[in-house]
Amino acid sequence: MSRGQVGAMVLSEAVVTAAVGALGGVIVGLLLGWIFSEATHRMGFPIAYVPPWRALLLAATATLLASLPAAFLPARRAMQISPAEALREG
C-alpha cells in the first residue's frame, strides 16, 4: 500500500463516517419532528408537520464538506509514515 493510498483511505473513511452520521441525523430529526407534531395534535394544538427539506440537505452537505478538512491533517500524518513501519510499531 502506497502513502497516497493510505491518505485516500483515511479521507474516504472520514467521508463515509460523515455520510452515515448525516443520514442518521436526518432520520432521527425527521422522526422527532413527526413525534412532536403528533403530540401537539393529541393535546389539541394542531401544528402541521412540514419537514425542512432544504435545511436538511444543507446540513447534510455541510457535514460531508466539513469532514474533508477535519480528516486532512490525520491523513497527511498517516502518509508520512511507511505502512510497514506503522505495522511494526503497532
Side-chain angles (χ1 to χ4, degrees):
M1 185 176 262
S2 72
R3 292 175 192 230
Q5 288 173 326
V6 170
M9 183 181 68
V10 172
L11 289 175
S12 63
E13 286 177 1
V15 170
V16 168
T17 302
V20 169
L23 180 63
V26 166
I27 290 170
V28 169
L30 288 172
L31 181 64
L32 286 176
W34 179 77
I35 289 171
F36 292 146
S37 175
E38 286 299 310
T40 59
H41 280 280
R42 292 173 194 243
M43 293 187 321
F45 303 105
I47 296 176
Y49 177 60
V50 181
W53 297 113
R54 183 173 287 166
L56 290 171
L57 180 65
L58 181 65
T61 303
T63 300
L64 291 174
L65 291 176
S67 70
L68 291 174
F72 179 73
L73 288 177
R76 193 173 73 174
R77 207 171 306 137
M79 289 187 322
Q80 293 173 352
I81 299 171
S82 164
E85 182 181 323
L87 287 174
R88 267 185 267 135
E89 291 178 9

Problem set entry | Chi angles and distances behind the side chain to side chain contact (heavy atoms under 4.5 Å, CB included) call for L30, W53 | CA-CA 10 Å; L30 288 172; W53 297 113; 4.0 Å; yes

[Y] reachable from [X] in the ILVMFWY side-chain graph, under 4.5 Å edges:
X	Y	answer
L32	V50	no
F72	M9	no
L56	I35	yes
V26	W34	yes

Problem set entry | Point-to-point distance, once rounded to the nearest 0.5 Å, from CE of M43 to NE2 of H41 | 11.0 Å

Exercise. So, the side chain of S37 versus the backbone of I47: is there a donor-acceptor pair under 3.5 Å, distance only?
Worked result: yes

Exercise. With no hydrogens and no angle check, is any side-chain donor or acceptor of T63 less than 3.5 Å from a backbone partner on A59?
Worked result: yes

Exercise. Step by step, would you call V15 with L11 a side chain to side chain contact (heavy atoms under 4.5 Å, CB included)?
Worked result: CA-CA 6 Å; V15 170; L11 289 175; 5.7 Å; no

For this session: Work out which heavy atom in A71 is nearest to a heavy atom in A14; give both atom names and the distance.
Result: CB-CB, 3.3 Å

For this session: Count the heavy atoms of every other residue, nucleotide or ligand shown that sit under 6.0 Å from OH of Y49, and state whether that count exceeds 12.
Result: yes

Exercise. Could you go step by step and tell me if L73 and R76 meet the side chain to side chain contact (heavy atoms under 4.5 Å, CB included) rule?
Worked result: CA-CA 5 Å; L73 288 177; R76 193 173 73 174; 3.7 Å; yes

